[in-house]
Asker: 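Dumping the structure here so I can ask a few things about it.
Convention: sequence-line order gives letters A, B, ...; per-chain numbering from 1.
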2 protein chains.
Amino acid sequence: MNSNRTGKATRADVAELAQVSTAVVSYVMNNGPKKVAPQTASRVRQAAESLNYHPNAYARALRKGSGSLLGIIVPDFRNPYFALLNEAIEKEAYGRGYSTMFLTAHSDPELERKSIEKMVDREVDAIFMAPCQKVEELERLKDYECSFVMLENNVQIPGFACISSDFCEGVRLAIDHLVWHGRTNLVMFYGEDNSRDESRIRVWYEKHEEHGLRRGRVYRSRYTHESAYRAATAMLDAGERPDGIFVVSDFEAGGVLRALHEHGIRVPEDTSLISFDGTYFGLETWPQLTSVRQDIPRIARGALEAALNPDAPGMQIIPVDMTIRESCGCHVA
Amino acid sequence: MNSNRTGKATRADVAELAQVSTAVVSYVMNNGPKKVAPQTASRVRQAAESLNYHPNAYARALRKGSGSLLGIIVPDFRNPYFALLNEAIEKEAYGRGYSTMFLTAHSDPELERKSIEKMVDREVDAIFMAPCQKVEELERLKDYECSFVMLENNVQIPGFACISSDFCEGVRLAIDHLVWHGRTNLVMFYGEDNSRDESRIRVWYEKHEEHGLRRGRVYRSRYTHESAYRAATAMLDAGERPDGIFVVSDFEAGGVLRALHEHGIRVPEDTSLISFDGTYFGLETWPQLTSVRQDIPRIARGALEAALNPDAPGMQIIPVDMTIRESCGCHVA
DNA sequence: TTGAAAGCGCTAACAG
DNA sequence: CTGTTAGCGCTTTCAA
C-alpha cells in the first residue's frame, strides 16, 4: 500500500499518487496559503485518505517554528478544582488547534522549576502555572522563549499575564453569608504561607471590623485535604469551637469536615462551613458544601487568550458567586 | 549575546563559539555516538551553557523518528484513581526520558477515537487507554504506527498489551469480608455495561454460591459519582435494603454513600460498604472507605514496560489487597 | 578524535 | 493555479 519502507506515508507519496507537486499537497492539507483547483484538491484529498496520510507533527513544528503546544503545571492532580480546570483548558486549547501537556509540581518550588525546564525543552508555546516561587525567581522566566500565564494569583506579577478568580470577593461573600446565619465566632483555613498574596487575609480582617466581630483566627495548611485535616484537628484538640468556618478550597474542606465529624461537631447545626471552589466535590461530602464558585470555563478561556494574545490584559480578575448547598445551614428543615 | 536573529541559540552557534563542528556539539550533548576529547567536550559544554542552548525537540524528534512522547487517554480527570494513575505514569515516564500527554474521553467511544487521532497526529510513541469501544473497533488501531497498552482490562484483547488489577480477586476479597461481617443480603454497584469484561459479575455469583447466599443484585451505572448516586437512590426508593454493598470504584462509592445518608441508612451499622481502588478519596468520605486497593505504582511501571518493550507479557494482572477503614464495620466501638 | 554533508518531512517564497 | 526548491535544527554516516 505505502510505497516507502517505514509503512508511513509522507507528503511525497501523496503527491506522487495524486500526480501533483508536494507544494500542492501542503496547500490542500492546510487550506492555503495558495488556492488550489477544486478538482486537484479532491484528488489530493483522496490520495491522502487512501494512503492514510497524516502530516508529521514534528516536521511541521520544526518548519513553522511552533508546535502549537501548551504546558500546564498543576499543583496537584487530586485537587478537584484542577481536575476541572485541566479539562476546561484542554477543551479550550484543542478548540484553537493547540495540544496540552500537564505536569505536577506539588507546590514545590524545585519541582516547579524542573517542570518548567521540561516544558521549555519540549518547546511549548506557553506555560500556565500557579507559581509557588518567589517573585525574584520568576524574573528568570523572562529569559525563556515561551510566554507565561500565572494562575491563582490575585496580585499582578510585573511582566506576566495573571488570571484568577476574585478571591477577595469570595472571602466577602463567605463572611457575609456566615454572619447572615448568625455566626460570629469565625475561623478561616487558608493555604500555605504565601507572601505574594495575602490580600484575602486583609479582607478577612476588614470584614470582621465591618461586622463588628472579634478577629477570627486564620489557620494555615498546605493545599491538601490531609494537611487541612491536621490543622483542623489541632484546632479542635486545642479546644477552639468556631461556629462559622471558611475553607479556602473544596479539597481542604474535605479534611476540615472529617476533623469536625471525628470531634462530634455537627455541620451545619453546630458550625456553618463554607468553602471556595464550588466543584463537584462539594456534592460528595456529607453534608454537601456551600461554596464560593469559581467560573472555571471563563478562567480557562481567559488564560488561553492571555497566552495567545500578547496584547491581552495583564491582569484578569474573574467574578465568583455562591453555590448554596447544605453545609452553611440554609437547607436545614 | 546570541548571534542569530530569533534570540534562540542553535547547535551552529554553539559550534562556532566552541570552535568545533556541529557534529561535535551533537556528540557532546548526547554523550555519543562518538567519543570526544575531554577538553573539547568541556569547551562545548561551556559554550552551550553561556548561550543557554537547548536542543530543539522538534528537530531532534524529526531526525530520530521519535519524540519520546507517550499519550494517556483518561476516562475522567475527576476520578481519584486516574488522578493517582496519571501521576504515577507521568513519574515513570519522565524517569525514562519520555514526556506524557493526557486527554479526556469521558467513556465516550466517539471521543475516544478522536483522542486517539489527536495523539497519533502528535506522533506519540504509545497510547495508554481504558478502551470503551468494541473489540472489533479496536482492530483498526493496529493500522497506527504507535503501540497501545490497554488499561482496566481483565480480559486479553488479541494483539494488544493489557494490564489491570486482579478485579476478580477484588470481588472475592470484598464478598469474603462482607460475609465475615455477617452480611448476607448483598448488592454490587458495577460500571457501565461492558460486554468485553463481565468476569467480575461471574465471580460475584460464584462467590454467592460458595457462601450459600441468595444471588445479590448488580446495579449498573456509569463510572461517575452522580451516576452511582442515581442508581443507589433508585434502589433505595424501590425499597431494597441490602446489608452489604460492594462498589466498583471509590469515586462511585461517594455517590452511593450519599444516597444512603439521604435515606437515613447508617454505614456501617445498617449496611457495610466496600469499594474498589483504595485511593485517598476513601479518607475523605464519612465514614472512611474500606476498599480493595490497587497497586498503582506497579500498574504504572507495568504499563510503561509494556509500551516500551515489544516482548513484554501481553497480559499483566496486578495483585490487589484490602485497606481496612471504617465503612465495613471493622472499627466500630 | 573531529568534520562535512546528507537528509528527516514539512512549508512557503518565488517562479512560472 | 501549480511546481521548484531552500531551509527549519538536528543526528549520524562516511571520510579524514
Asker: Five pairs at each end of the helix from dT1(C)-dA16(D) to dG16(C)-dC1(D): take the axis at both ends and give me the angle between them to 10°.
Answerer: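 What I find for the helix from dT1(C)-dA16(D) to dG16(C)-dC1(D) is an axis angle of 40°.
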
Asker: Could I get the full list of salt bridge (Lys or Arg N to Asp or Glu O under 4.0 Å) partners for E123(A), not counting sequence neighbours?
Answerer: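 So E123(A) forms a salt bridge (Lys or Arg N to Asp or Glu O under 4.0 Å) with K8(B).
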
Asker: Around atom NZ of K118(A), are there more than 12 heavy atoms of other residues, nucleotides or ligands at under 6.0 Å?
Answerer: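 Check passes, neighbour count above 12.
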
Asker: Report the distance from atom CZ of R60(B) to atom P of dT12(D), rounded to the nearest whole Å.
Answerer: 9 Å

Asker: Can a donor-acceptor pair be found between the side chains of H54(A) and E145(B) at a distance below 3.5 Å?
Answerer: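 The criterion, which ignores hydrogens and geometry beyond distance, is not satisfied for E145(B) and H54(A).
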
Asker: Under a plain distance cut-off of 3.5 Å, with no hydrogens placed, do S164(A) and N153(A) share a side-chain donor-acceptor pair?
Answerer: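 The criterion, which ignores hydrogens and geometry beyond distance, is not satisfied for S164(A) and N153(A).
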
Asker: Give the nucleotide from the list dC10(D), dC10(C), dT4(D) with an atom nearest to the side chain of P55(B).
Answerer: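 Between dC10(D), dC10(C), dT4(D), the one nearest the side chain of P55(B) would be dC10(D).
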
Asker: Mind checking side-chain contact (heavy atoms from CB on, under 4.5 Å) for R222(A) and listing every partner two or more places apart, or none if nothing turns up?
Answerer: S107(A), E192(A), S227(A)

Asker: The criterion is salt bridge (Lys or Arg N to Asp or Glu O under 4.0 Å); which residues satisfy it with E117(B), sequence neighbours excluded?
Answerer: none

Asker: Measure from CG on L51(B) to P on dG9(D) and round the result to the nearest Å.
Answerer: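 Those two atoms, CG and P, are 14 Å apart.
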
Asker: Return the value, rounded to whole Å, for the distance between atom CD of E123(B) and atom P of dC8(C).
Answerer: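 Taking atom P of dC8(C) as the reference, CD of E123(B) is at 15 Å.
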
Asker: Side chains of residues 38-46 of chain A: which donor-acceptor partners sit under 3.5 Å, not counting sequence neighbours?
Answerer:
from: S42(A); atom 1: OG; to: Q39(A); atom 2: O; distance (Å): 3.1
from: R43(A); atom 1: NE; to: A18(A); atom 2: O; distance (Å): 2.9
from: R43(A); atom 1: NH2; to: A18(A); atom 2: O; distance (Å): 3.1

Asker: Atom pairs, N/O to N/O, protein against nucleotides 12-16 of chain C, distance under 3.5 Å?
Answerer:
from: dA13(C); atom 1: N6; to: Y27(A); atom 2: OH; distance (Å): 2.7
from: dC14(C); atom 1: N4; to: K34(A); atom 2: NZ; distance (Å): 2.8

Asker: Scan residues 37-44 of chain B against DNA chain D and write down, sorted by residue number, each residue with any heavy atom closer than 4.0 Å; if none is found, say none.
Answerer: none

Asker: List, one per line, each side-chain donor-acceptor pair under 3.5 Å for residues 94-102 of chain B, sequence neighbours excluded.
Answerer:
from: R96(B); atom 1: NH2; to: E92(B); atom 2: OE2; distance (Å): 3.4
from: S99(B); atom 1: OG; to: R122(A); atom 2: NE; distance (Å): 2.6
from: S99(B); atom 1: OG; to: R122(A); atom 2: NH2; distance (Å): 3.2

Asker: Any pair with a residue in residues 105-114 of chain B that passes salt bridge (charged side-chain N to carboxylate O under 4.0 Å, His left out), sequence neighbours left out, goes on the list, sorted by first then second residue, please.
Answerer: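 Those involving residues 105-114 of chain B are E110(B)-R113(B), R113(B)-E137(B).
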
Asker: In whole Å, what is the span from the CD atom of Q19(A) to the C1' atom of dC1(D)?
Answerer: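 Q19(A) atom CD is separated from dC1(D) atom C1' by 17 Å.
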
Asker: Roughly how many Å is it from CG in D13(A) to C1' in dC8(C), rounded to a whole number?
Answerer: 14 Å

Asker: What pairs with S165(A) under side chain to side chain donor-acceptor pair (under 3.5 Å), at least two apart in sequence or on another chain?
Answerer: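 Testing S165(A) for side chain to side chain donor-acceptor pair (under 3.5 Å), a comparison that skips the adjacent residues, returns Q294(A).
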
Asker: Measure CG/L62(A) against P/dG9(C) and give the value in whole Å, please.
Answerer: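 Between P of dG9(C) and CG of L62(A): 12 Å.
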
Asker: In whole Å, I'd like the distance from the CZ atom of R11(A) to the P atom of dT4(D).
Answerer: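 Atom-to-atom, R11(A) to dT4(D), this comes out as 12 Å.
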
Asker: May I have the distance from E16(A) (atom CD) to dT4(D) (atom P), rounded to whole angstrom?
Answerer: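 Going from CD in E16(A) over to P in dT4(D) covers 13 Å.
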
Asker: Counting any heavy atom closer than 4.0 Å, what does V25(B) reach on the DNA or RNA strands: base, sugar-phosphate only, or nothing?
Answerer: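 Contact class for V25(B): none.
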
Asker: Can you name the residues that form a salt bridge (Lys or Arg N to Asp or Glu O under 4.0 Å) with K142(B), not counting sequence neighbours?
Answerer: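 Partners of K142(B) by the salt bridge (Lys or Arg N to Asp or Glu O under 4.0 Å) criterion, ordered by chain and then number, come out as E139(B).
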
Asker: Which one, dC10(D), dG9(C), dT1(C), comes nearest to the side chain of T10(A)?
Answerer: dG9(C)

Asker: OP1, OP2 of dT11(C) versus side-chain N and O of Y58(A): anything below 4.0 Å?
Answerer: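 Checking Y58(A) against dT11(C): no side-chain N or O falls below 4.0 Å of OP1 or OP2.
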
Asker: Quick one: salt bridge (charged side-chain N to carboxylate O under 4.0 Å, His left out) pairs with a partner in residues 66-77 of chain A, sequence neighbours left out?
Answerer: D76(A)-R78(A)

